[in-house]
Every structure is written in C-alpha cells, then in structure tokens.
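When a residue number appears, it is its place in the shown sequence, counting from 1. Atoms within each ligand, like the ligands themselves, are counted from 1 in listed order. From a predicted model like this one, the values you see are computed outputs, not experimental measurements.
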Amino acid sequence: ILTAIFLSLLLMWLRRDSTRYARMPPGPTPLPLIGNLLQITGNVPYKHFLKLSETYGPVMTVHLGGLRVVVLVGYEAVQEALVQHADSFAGRPKLPLFVRIASGYGVITSNGDNWKHMRRFSLTTLRNFGMGKHSIEQYIQEEAQHLVEKLCKTKGSPFDPSMSLSQAVANVICSIVFGERFEYDDENFAHLLALITNSLLIFSRPLAQMYNMFPKLFNFLPGPHKAIFGANDELKQFTSTFAEKHRKDLSPDSPQDFIDTFFKKMKQGQQRDNPQNRFNRWRESVLELFVAGTETTSTTLRFGFLILIKYPHIQEKVQKEIDEVIGHQRSPTMADKKKMPYTNAVIHEIQRLADLVPMNLPHATTEDTHFRNYMIPEGTIVLPLLHSVLHDKKLFKSPHSFDPGHFLDETGCFKMNPAFIPFSTGKRVCLGESLAQMELFLFFTTLLQNLSLSSTEDPANLSLLPCASSFLNIPMPYTLLINPR
Ligand code: HEM
C-alpha cells in the first residue's frame with residue numbers, strides 16, 4: 001500500500017512538473033544530466049546560442065546541465081522582455097557562484113526588498129555626490145591628469161596600458177567610496193586589481209560555470225572557482241580595513257563619501273547589531289561597486305585604445321574635434337560632450353563593438369510569466385543576449401565593422417540608436433551607467449588632448465577579436481607607443 005501511495009504521489013508530482021513546463025519556449029532536446037551542454041561547447045557560448053536560435057527562434061529554452069535557461073535573441077525579444085514585461089523579468093537567479101560570493105546582499109545578485117532598497121540607496125548616493133569636497137566629474141578630471149602623467153613617463157617605449165587603466169578607473173571608485181586614491185606604483189593596490197582582473201577572466205571561462213551547474217560536486221574539487229573565492233575573501237579584507245578606519249572617524253552629519261553615507265544609514269534606527277539590517281552588509285555593496293565599476297570601464301578603455309591605434313585616421317579626427325572645441329588650455333568637461341558629435345559617436349561605437357557583457361548578467365522571472373505564446377515559470381533563468389542586440393543587422397548597417405556612422409546622421413549630428421544597450425535596459429539596467437559614460441568621455445578626451453597613441457606593429461595585423469569571451473569579452477593583450485602632443 002505504501003509503495004502504491006508513493007508511486008501515485010510521484011506520478012502526480014511528475015505530471016504537475018511537466019504541466020508547469022509544458023508551454024516553455026522551444027529548444028533542442030536535452031540529454032539526461034548534461035542537458036544541451038554538448039551543443040554549447042567551446043569558449044564562446046553565445047555564438048552557439050545564436051546558431052540554435054536560427055532553428056528555434058528568438059525565444060528558446062536551453063538546458064545547461066540541470067539548469068533550464070530561456071535565451072532571448074535580438075533587439076525585439078530583449079526589449080519586449082526587459083522593458084514591456086519589466087517587473088516579470090527583473091529577478092536574479094540564485095546561482096551558486098552568486099550565493100557564495102554575495103550571500104544575496106548588495107545590488108547585483110540580490111532580489112526583492114533587499115535589491116530595491118540597496119539599488120535606490122546606491123543610486124541616490126551616487127547621484128547626490130558632491131556633498132563631499134568633490135563632485136564625481138572633478139574626481140575623474142583629476143585622475144585623468146594623473147593618468148596622462150603616468151603614460152608620459154613611458155617616453156615612447158612599448159607599453160601595455162592594462163594595469164594603468166585599471167588603476168585610474170579603480171581610483172575613481174576609491175575616491176567615491178573611501179575618499180582616497182592610490183599611487184600608480186603602489187604594489188599592494190596593483191595586486192588587488194590583478195586579483196579582480198584574474199577572477200573575471202576565470203569567471204569568463206566556461207569551466208568556472210560548471211560550479212553553477214554542479215555545485216555539490218565542485219565544492220569538493222579543486223578548480224577555477226576556488227581562485228575566485230580566494231580573491232573574493234582577500235578583496236573583502238581590503239575593503240573592511242578601509243571601511244573600519246572610516247567608521248572610527250565618522251561624523252554622522254557630514255558624510256564625505258559613499259561608505260560614510262552607508263554607515264550613517266546603518267546607525268539610523270539604532271539597528272547596528274541587528275543581523276536583519278541590510279545596511280550591516282556593507283562589505284558586499286562596497287565590494288561590488290569596486291568590482292563592477294573597475295574592470296568594466298577599464299576594459300572598455302583598453303578596447304577603445306586598441307581601436308584608436310588600429311584606425312589612426314579615426315584618432316586624428318577625434319583629436320581635431322578636441323582641438324577645435326576644447327583646445328589645449330583647459331581640461332575637458334562633460335559640458336563639451338554635446339558639442340562633440342564625432343567623439344561621442346566614436347565612444348558609442350567602441351562600446352557597441354567591445355560588447356563587454358555579451359550575454360548580459362543572468363536574469364530570472366519573478367513570477368509565472370506569459371510571454372508571447374509561452375508560459376515561463378517563476379524563477380526560470382533568462383539570458384537576454386546583449387551581443388545579439390548590439391549586432392542586430394536590422395538596426396546596424398554593418399554590425400561587425402567599426403563604423404562611427406552608426407551613431408551619426410547625414411548632417412554629422414549625433415544620433416542615438418535604440419539598440420545601443422551595452423548597459424542593458426529595464427529595471428536592472430547598469431547602476432553605474434552615468435558614471436561609466438562620464439569616465440569614458442573624460443578619460444578618452446583628456447588622453448587624446450595630451451597624447452598621441454600608435455601601434456608597435458602594423459595596425460592591419462591588430463585583431464579586434466576578444467581573447468576570452470563568455471561572461472566578459474576581453475580584448476587581446478597589446479602594447480602601444482605613447483607620445484606627448
Ligand atoms: C549591472 C554593464 C560600469 C555597477 C550591469 C549590467 C550590465 C552592465 C550589462 C547588467 C544589467 C542587467 O542585469 O540587465 C556595464 C558596462 C560598464 C559598467 C558596459 C562600463 C562600461 C559600471 C560601473 C558601476 C557598475 C562604473 C559602478 C559604479 C553595476 C551594478 C549592476 C550593474 C551595481 C547591478 C544592477 C542591478 O542588478 O540592479 N552593468 N557596467 N557598472 N552594474 Fe554595470
């Protein structure tokens with residue numbers, strides 16, 4: 001009798017489960033345990049997704065090991081999901097790597113009330129910046145001058161700009177968060193930044209994603225995920241040391257930077273020792289600003305420099321516009337941007353082709369969602385492929401070439417393209433979008449106002465293809481020659 005009861009319950013559960021997933025979007029038939037992994041092997045998973053979508057359409061279901069994932073391809077599907085069904089697609093999946101790193105706090109990996117509060121707090125604090133001694137624009141302008149000085153010291157010898165760009169961008173975040181910057185020869189700081197770079201490189205490799213698919217198994221095995229955890233612990237230690245120093249000196253009525261504002265919030269309501277108080281989890285929030293805000297912008301700058309040495313005539317045209325609008329007597333400001341359509345178009349095109357986060361960060365449905373003719377159950381992982389939007393041939397004339405004309409009209413005025421969404425779109429759109437745009441404009445213009453960049457090899461041989469391409473697209477390493485103008 002017990003066996004019969006057990007079997008009928010199992011049958012009911014299986015039937016319920018198959019009804020729940022009966023109207024999922026179509027996709028390739030999964031194999032037991034490994035799902036469709038054999039169809040998505042190799043280092044560039046999104047290329048396989050694009051191939052599969054030729055058969056299954058722009059909204060399809062793919063099984064990555066035991067994970068059921070809905071993949072969205074092209075401008076229309078991504079826009080419709082993230083903007084028209086904004087709330088339903090605004091979740092983050094509880095992926096084991098996310099859970100291990102951030103425990104559901106901070107903004108990037110959190111959900112529900114935690115996410116809403118932390119996102120609002122971070123946005124407001126960044127927006128109201130200027131309450132301290134500096135505005136964000138001033139911090140970036142000063143850091144751009146430090147970077148020019150550092151690059152001038154290379155005196156025309158071949159130079160890999162990766163670390164200096166990371167240091168410059170990280171210094172902007174450090175100024176905002178801790179009110180401090182670090183010298184370019186600070187080895188400890190360089191070591192921490194190398195940790196972030198390496199972790200993201202490892203994170204970009206499909207092998208690290210095996211932890212998300214089979215966490216119990218990989219918990220006991222050595223592998224790339226262990227390097228990510230080690231780096232995460234070391235970075236938390238770094239932020240803690242800084243933050244504790246601040247906590248001692250905090251004057252609650254005049255917060256000077258992001259961390260002061262955080263501590264002020266923590267003190268309010270005297271909930272300091274309450275583990276339920278989300279502001280007690282400041283480490284996760286500060287660390288994510290540091291990680292999300294450094295590598296993204298510096299990798300885009302690195303890709304941009306590569307483009308500028310590959311296409312010297314584009315660099316010269318940008319410099320001509322800088323000379324006409326800004327000259328050489330003062331530093332570039334954000335107010336110059338609208339008077340510089342060509343430079344603005346070049347920066348947009350760099351971001352489009354850099355295609356920094358090709359598969360976006362994974363989203364999850366927050367409720368059972370009717371989308372087109374499908375029903376996607378609550379909690380399903382969703383990958384809105386930003387690569388497919390930034391290369392949508394319906395919206396970009398020559399999607400695989402570098403062409404600033406994608407952002408210029410016939411009269412040479414700047415023209416926005418709705419498929420320009422390197423920061424994603426909808427409720428989860430990048431929190432640092434305006435900061436990143438400010439950094440890209442001010443760093444590019446200040447550097448090109450003062451310096452000329454050229455390649456150490458024949459520009460025709462420089463490849464724009466990424467050297468790693470999964471979570472982030474990472475440009476090939478290169479060296480350049482820097483000369484004062
Ligand atoms: C999220 C891109 C710079 C902080 C994201 C997402 C993308 C992205 C694609 C995922 C959005 C989604 O899930 O739909 C970029 C690019 C950058 C950049 C291309 C630079 C060129 C920054 C900076 C910061 C930052 C400078 C920090 C100040 C964040 C945070 C999130 C996020 C906190 C999570 C938002 C949420 O889940 O609500 N970014 N980002 N990003 N970014 Fe950025």
Side-chain angles (χ1 to χ4, degrees), residues 46 72 78-79 81-83 85-87 89-93 95 98 102 104-112 114-127 129 136 139-140 143 165-166 168-177 196 200 257-258 284-304 347-348 350-364 366 381-387 389-390 420-444 471-475:
Y46 59 85
L72 304 173
V78 171
Q79 173 78 7
L82 299 192
V83 178
H85 294 71
D87 287 315
F89 284 92
R92 283 276 185 244
L95 291 175
F98 281 0
Y105 288 91
V107 180
I108 301 182
T109 61
S110 59
N111 277 304
N114 265 353
W115 169 66
K116 275 191 197 136
H117 280 95
M118 291 317 302
R119 190 174 162 101
R120 196 176 312 133
F121 168 79
S122 302
L123 274 174
T124 319
T125 312
L126 288 177
R127 206 172 288 142
F129 221 86
I136 289 184
Y139 276 132
I140 304 172
E143 196 54 49
L165 293 177
S166 293
V169 173
N171 265 338
V172 173
I173 292 287
C174 286
S175 306
I176 294 170
V177 175
I196 300 181
L200 288 171
D257 43 47
F258 189 87
E284 284 80 1
S285 300
V286 168
L287 190 57
E288 77 178 4
L289 279 192
F290 202 59
V291 175
T294 301
E295 208 51 27
T296 45
T297 313
S298 65
T299 308
T300 309
L301 286 170
R302 190 146 45 103
F303 186 78
I347 295 174
H348 277 72
I350 287 172
Q351 277 208 274
R352 186 190 72 78
L353 211 66
D355 186 15
L356 192 73
V357 200
M359 295 192 287
N360 206 341
L361 291 184
H363 282 230
T366 54
I381 302 175
V382 179
L383 286 184
L385 291 196
L386 296 185
H387 170 90
V389 183
L390 296 170
F420 178 77
I421 54 164
F423 298 100
S424 187
T425 182
K427 298 244 155 153
R428 285 273 179 175
V429 66
C430 173
L431 187 135
E433 177 173 1
S434 6
L435 170 62
Q437 284 180 337
M438 214 188 273
E439 288 179 301
L440 292 177
F441 180 77
L442 293 175
F443 277 123
F444 270 122
F471 169 60
L472 286 188
N473 270 330
I474 317 270

Of Asn473, Leu356, Ile474, Ile350, the residue whose pairing with Phe303 passes side-chain contact (heavy atoms from CB on, under 4.5 Å): Ile350

What part of Leu435, side chain, backbone, both or neither, has a heavy atom within less than 4.0 angstrom of ligand 1? side chain

With a 4.0 Å heavy-atom cut-off (strictly under), which part of Pro422 contacts ligand 1: side chain, backbone, both or neither? backbone

Arg119 neighbourhood, listing ligand 1 atoms whose heavy-atom distance to it stays under 4.0 Å: 35 (C), 36 (C), 38 (O)

Using heavy-atom distances only, which candidate in Ile136, Leu289, Asn111, Thr296 approaches atom 20 (C) of ligand 1 most closely? Thr296

Answer with side chain, backbone, both or neither: which part of Gln351 has a heavy atom less than 4.0 angstrom from an atom of ligand 1? side chain

Gln79 side, atom CD; Leu72 side, atom CG - distance, nearest 0.5 Å: 12.0 Å

Counting heavy atoms under 4.0 Å, the part of Arg92 that contacts ligand 1 is side chain

Check Leu431 against ligand 1 and report side chain, backbone, both or neither, counting heavy atoms closer than 4.0 Å. both

Here's a test for you: under side-chain contact (heavy atoms from CB on, under 4.5 Å), which of Val389, Leu386, Leu361 qualifies with Ser424? Leu386

Could you tell me the separation between the CG atom of Leu289 and the CG atom of Leu287, rounded to the nearest 0.5 Å? 9.0 Å

Check for me whether Thr294 has a heavy atom closer than 4.0 Å to any atom of ligand 1. no

Inter-residue atom distance Ile196.CD1 - Thr294.OG1, 0.5 Å rounding: 5.0 Å

Winner among Asn360, Val382, Thr300 once heavy atoms are compared against atom 21 (C) of ligand 1: Thr300

